[in-house]
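For reference, the structure is listed below as structure tokens.
Note: hydrogens, waters and symmetry copies are ignored here, and every other heavy atom, side chains too, is used.
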Amino acid sequence: MTITMYGITTCDTVKKARVWLESHDVPYRFHDYRAEGIESARLNGWVGKVGWEKLLNKGSTTFRELLEKEKEALDEKKAKALMLAKPTMIKRPVLEVGDRILVGFKPEAYEEAVK
């Protein structure tokens, strides 16, 4: 089973999730949004599985710094365009475990996913 974690290295939640995976001897690949970006097809797949509302981090500094007109009338198309342009607006971490997607870090969800 292939496991990939998506996020940014400076995120505290990503750090906690990485420590959890490593302390449980779970091999994974880390994909840094800042360095590698995110492909449109991958983001579309995530949105199809969990919805754009769950993926868009409205609490992120990047989102809060947007102009009000950029935040107005958010829908799937606009949210995806924002996340592709500035991937740091995607909630972190996103963990791909096979064909399953976990958004955020909850130890009990990770435990269940990596069995």
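Shown here is Lys15, whose NZ atom has more than 12 heavy atoms of other residues, nucleotides or ligands within 6.0 Å. Counting non-hydrogen atoms of neighbouring residues, nucleotides and ligands closer than 6.0 angstrom, the NZ atom of Lys80 exceeds 12 such neighbours.
Distance check, rounded to the nearest 0.5 Å: CD1 of Ile90 to CZ of Arg42 gives 11.0 Å. The line from CH2 of Trp46 to CD of Glu96 is 5.5 Å long, rounded to the nearest 0.5 Å. Interatomic distance, CZ of Phe63 versus CE of Met83, reported as 10.0 Å (0.5 Å rounding). In this structure, the separation between OH on Tyr110 and OH on Tyr28 is 9.5 Å, given to the nearest 0.5 Å. Lys86 NZ to Leu66 CG: the interatomic distance, rounded to the nearest 0.5 Å, is 5.5 Å. For the atom pair CZ of Phe30 and CD1 of Ile8, the computed distance is 8.0 Å after rounding to the nearest 0.5 Å.
Here the closest heavy-atom approach between residue Val14 and residue Gly7 is recorded as CG2-CA, 4.1 Å. Nearest approach of Pro27 to Asp25, heavy atoms of both residues: CD-O, 3.4 Å. In this structure, Leu56 and Ala79 approach most closely via the heavy-atom pair CD2-CB, 4.2 Å. Considering every non-hydrogen atom in both Ala113 and Leu102, the closest pair reads CB-CD1, 3.6 Å. Contact record, Ser23 with Trp20: OG-O, 3.0 Å, taken as the closest heavy-atom pair.
In terms of modelled atom types and a separation under 3.5 Å, the side chain of His31 and the main chain of Gly37 share a donor-acceptor contact. Proximity of a side-chain donor or acceptor of Lys71 to a complementary backbone N or O of Arg64 within less than 3.5 Å is detected.
Residue pairs meeting the salt bridge (charged side-chain N to carboxylate O under 4.0 Å, His left out) criterion with at least one member in residues 100-115, sequence neighbours excluded: Glu112-Lys115.
Inspection of the Tyr33 and Arg92 side chains reveals no N or O donor paired with an N or O acceptor under 3.5 Å.
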*After noting the C-alpha distance and the side-chain angles of Lys78 and Glu70, does the key distance pass the salt bridge (charged side-chain N to carboxylate O under 4.0 Å, His left out) rule?*
CA-CA 9 Å; Lys78 191 171 182 179; Glu70 292 175 295; over 6 Å; no
_Chi angles and distances behind the side chain to side chain donor-acceptor pair (under 3.5 Å) call for Thr9, Arg34_ = CA-CA 9 Å; Thr9 57; Arg34 281 200 177 118; 5.8 Å; no
*Leu74/Lys58 under side chain to side chain contact (heavy atoms under 4.5 Å, CB included): CA gap, chis, key distance, verdict*: CA-CA 11 Å; Leu74 272 178; Lys58 292 182 181 178; 3.9 Å; yes
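Under the 4.5 Å side-chain heavy-atom criterion for Ile, Leu, Val, Met, Phe, Trp and Tyr, Leu82 and Tyr6 are members of the same hydrophobic cluster. Residues Val97 and Val94 do not share a hydrophobic cluster, defined by chaining ILVMFWY side chains whose heavy atoms lie under 4.5 Å apart. Using a 4.5 Å cut-off between side-chain heavy atoms of Ile, Leu, Val, Met, Phe, Trp and Tyr, with links allowed through other members, Val103 and Val26 fall into different hydrophobic clusters. One hydrophobic cluster, built from ILVMFWY side chains closer than 4.5 Å, cannot hold both Val114 and Ile101; they sit in different ones. Hydrophobic clustering, with ILVMFWY side chains joined whenever heavy atoms are under 4.5 angstrom apart, keeps Leu95 apart from Ile38.
Between Leu55 and Lys91 the shortest side-chain heavy-atom distance does not fall below 4.5 Å.
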